[in-house]
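Data first, discussion second: the structure below is written as structure tokens.
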Amino acid sequence: MKWEENVRRVIPYTPGEQPKKAGVIKLNTNENPYPPAPGVAKASAVLDAGKFRLYPEFSEQTELAKALAARYHIGTDQLFIGVGSDDVLSMAFLTFFHSDRPVFFPDITYSFYDVWADVYGIPYERKALDADFQICMADYCQPNGGVIFPNPNAPTGVLMPLDKVEEIVAANRDVVVIVDEAYIDFGGTSALPLIDKYDNLLVVQTFSKSRSMAGMRIGYAMGQPALIRYLNDVKYSVNSYTMNMAALELGVSAVRDEAYFGACCRRIIETRERAEEELAKRGFVFPKSYANFIFASHQAIPAQEIFERLKENDIYVRWWDKERINNYLRITIGTDEQMEALYRALDEICG
Ligand SMILES: *Cc1c(COP(=O)(O)O)cnc(C)c1O
């Protein structure tokens with residue numbers, strides 16, 4: 001068809017499967033197995049549908065913005081809120097990666113980065129992680145059009161120490177460096193304190209993992225006001241009202257319940273530490289994880305086979321048929337009961 005010549009053709013990102021059938025143990029999309037803070041359910045029960053006829057407030061003027069700014073000790077002018085961090089990151093690609101030089105990111109990383117680069121026509125180079133899945137510093141000290149990496153990295157769970165993060169930011173003062181901290185609350189140290197020192201640093205976080213609100217779609221970026229202004233200019237040139245009223249209201253209850261948040265993260269870390277022991281006992285090897293998942297490879301049985309056998313047992317994990325990582329499974333940390341079911345199934349498969 002002739003019109004296809006004028007179509008912007010892309011190969012989209014493929015998220016992990018959301019099974020329709022009941023009873024599946026879902027360890028495949030890094031969702032939190034625990035419910036959001038109790039205040040979220042309460043606030044949701046008293047949502048006033050009458051208000052929905054109005055447009056929402058501008059995100060940066062909402063209670064959610066104020067609650068986040070207070071929680072992270074920044075000004076609301078240092079905060080950008082979006083529809084999950086995918087929206088925030090996509091806007092950040094569109095805003096900050098506008099150079100003829102390639103944007104740098106790791107070869108093994110969040111598989112949305114090359115999709116955004118492709119859809120926006122941004123040149124990029126994937127920099128190979130070393131054998132231990134660590135970033136090679138020298139790779140990020142060459143001329144580039146911007147840098148992005150998750151910390152901890154996905155899907156490896158490997159954490160880069162803050163001094164190395166700072167080294168990358170400091171070595172790239174002429175471009176924007178984005179640190180995607182989707183998993184930072186599970187034991188990492190955030191780069192947030194560095195935003196005062198570096199005007200080229202954008203730190204991105206999300207409610208989807210540590211705050212158990214993937215379905216509500218809330219993400220945010222933090223950086224100096226100039227960065228945030230540029231982000232807002234682009235966002236308001238695409239869609240002024242991205243955040244819906246319900247998400248803006250319910251997010252507040254999640255941010256304000258610090259005790260629940262802390263307890264929930266600690267619980268996942270404890271289950272993860274136990275899972276590392278249990279998986280090691282069963283012949284798996286993996287880098288130490290600082291996220292709510294473990295990236296594990298079995299020493300004898302191919303990952304694809306374990307993936308398929310687990311699926312037959314209604315236990316879903318993530319496996320990619322991709323170079324360098326096709327013998328690994330990414331296993332999300334579930335509840336202790338879910339993990340016990342996983343270990344029993346692995347005893348059958350690997351035992
Ligand atoms: C989950 C994830 C995100 C985005 O999640 P949202 O639900 O859009 O907030 C971003 N980056 C990485 C590395 C992730 O794993």
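Because the structure is a prediction, the values reported are computed rather than measured. Heavy atoms only: backbone and side chains are in, while hydrogens, waters and symmetry mates are out. Starting from 1, each residue takes its place in the sequence as its number.
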[X] with [Y]: basic N within carboxylate O range, under 4.0 Å:
{"X": "D107", "Y": "K127", "value": "no"}
{"X": "R344", "Y": "E348", "value": "no"}
{"X": "E63", "Y": "R256", "value": "yes"}
{"X": "K26", "Y": "E17", "value": "no"}
{"X": "K164", "Y": "E167", "value": "no"}

Self-check item: Intermediate values then yes/no, side chain to side chain contact (heavy atoms under 4.5 Å, CB included), I74 and I195
Solution: CA-CA 10 Å; I74 56 175; I195 66 170; 4.2 Å; yes
Could you give the distance from [atom1] ([X]) to [atom2] ([Y]), rounded to the nearest 0.5 Å?
{"X": "I333", "Y": "L27", "atom1": "CD1", "atom2": "CG", "value": "8.0 Å"}
{"X": "N32", "Y": "R267", "atom1": "CG", "atom2": "CZ", "value": "9.5 Å"}
{"X": "E249", "Y": "L64", "atom1": "CD", "atom2": "CG", "value": "10.5 Å"}
{"X": "N200", "Y": "R173", "atom1": "CG", "atom2": "CZ", "value": "5.0 Å"}
{"X": "Y34", "Y": "C265", "atom1": "OH", "atom2": "SG", "value": "11.5 Å"}
{"X": "D336", "Y": "E340", "atom1": "CG", "atom2": "CD", "value": "7.0 Å"}

Please tell me whether [X] and [Y] are part of a single hydrophobic cluster in this structure, the criterion being side-chain heavy atoms less than 4.5 Å apart.
{"X": "L342", "Y": "I306", "answer": "yes"}
{"X": "I325", "Y": "V115", "answer": "no"}
{"X": "W319", "Y": "I108", "answer": "no"}
{"X": "F93", "Y": "F149", "answer": "no"}
{"X": "I135", "Y": "L202", "answer": "no"}

Can you confirm if the NZ or CZ of [X] lies within 45° of the ring axis of [Y] and under 6.0 Å from the centre of its six-membered ring?
{"X": "K311", "Y": "Y316", "value": "yes"}
{"X": "R126", "Y": "F105", "value": "no"}
{"X": "R330", "Y": "F293", "value": "yes"}
{"X": "K288", "Y": "F286", "value": "no"}

Quiz item: For the residue pair L231 and A221, what are the closest heavy atoms and their distance?
Solution: CD1-CB, 4.2 Å
Donor-acceptor pair between [X] and [Y] side chains, under 3.5 angstrom:
{"X": "Y183", "Y": "N30", "answer": "yes"}
{"X": "Q78", "Y": "E60", "answer": "no"}
{"X": "N292", "Y": "T332", "answer": "no"}
{"X": "E166", "Y": "Y198", "answer": "yes"}
{"X": "D118", "Y": "Y124", "answer": "yes"}

Quiz item: How far apart are the C-alpha atoms of E278 and R274, what are their side-chain angles, what is the distance that settles it, and do they pass the salt bridge (Lys or Arg N to Asp or Glu O under 4.0 Å) test?
Solution: CA-CA 6 Å; E278 297 294 332; R274 170 91 197 286; 3.3 Å; yes
Practice problem: Please assess D86 against Y110 for the test side-chain hydrogen bond (donor to acceptor under 3.5 Å, both in side chains), listing each intermediate value before the final yes or no. | Solution: CA-CA 11 Å; D86 285 343; Y110 189 36; 2.7 Å; yes
Within 6.0 Å of [atom1] in [X], more than 12 heavy atoms from elsewhere:
{"X": "E4", "atom1": "CD", "value": "yes"}
{"X": "D174", "atom1": "CG", "value": "no"}
{"X": "R282", "atom1": "CZ", "value": "yes"}
{"X": "L54", "atom1": "CG", "value": "yes"}

Hey, is the main chain of [Y] close enough, under 3.5 Å, to the side chain of [X] for a donor-acceptor pair?
{"X": "T76", "Y": "A65", "value": "no"}
{"X": "N172", "Y": "V175", "value": "no"}
{"X": "E181", "Y": "A191", "value": "yes"}
{"X": "R272", "Y": "S289", "value": "yes"}
{"X": "D139", "Y": "M137", "value": "no"}
{"X": "N151", "Y": "M160", "value": "yes"}
{"X": "N327", "Y": "A303", "value": "yes"}
{"X": "N153", "Y": "T156", "value": "no"}
{"X": "R217", "Y": "A214", "value": "yes"}
{"X": "D130", "Y": "Q134", "value": "yes"}

I'd like to check [X] versus [Y] (side-chain heavy atoms, cut-off strictly below 4.5 Å). Are they in contact?
{"X": "P150", "Y": "T109", "answer": "yes"}
{"X": "V255", "Y": "F261", "answer": "no"}
{"X": "V238", "Y": "M91", "answer": "yes"}
{"X": "S240", "Y": "Y55", "answer": "no"}
{"X": "L89", "Y": "I178", "answer": "yes"}
{"X": "P152", "Y": "V158", "answer": "no"}
{"X": "I331", "Y": "F295", "answer": "no"}
{"X": "K209", "Y": "E31", "answer": "no"}

Exercise. May I have the step-by-step check of side chain to side chain contact (heavy atoms under 4.5 Å, CB included) for R71 and E258, ending in yes or no?
Key: CA-CA 9 Å; R71 164 66 172 76; E258 201 58 39; 2.7 Å; yes
Quiz item: With a 6.0 Å cut-off on ring centres, are W116 and F112 close enough?
Solution: yes
Quiz item: With K235, which of L94, T95, T242 fulfils side-chain contact (heavy atoms from CB on, under 4.5 Å)?
Solution: T242
Practice problem: May I have the step-by-step check of side chain to side chain contact (heavy atoms under 4.5 Å, CB included) for R324 and L129, ending in yes or no? | Solution: CA-CA 10 Å; R324 283 195 84 184; L129 297 179; 4.2 Å; yes
Quiz item: Are T62 and E57 close enough, and set up right, to give a side-chain hydrogen bond (donor to acceptor under 3.5 Å, both in side chains), and what steps lead you there?
Solution: CA-CA 6 Å; T62 56; E57 283 177 282; 5.8 Å; no
Exercise. Check the pair Y72 / Y220 against side chain to side chain contact (heavy atoms under 4.5 Å, CB included), numbers first and verdict last.
Key: CA-CA 11 Å; Y72 291 102; Y220 51 100; 2.9 Å; yes
Practice problem: May I ask you to decide if the ring planes of H298 and F284 are parallel, tilted or perpendicular, using 30° and 60° as cut-offs? | Solution: perpendicular
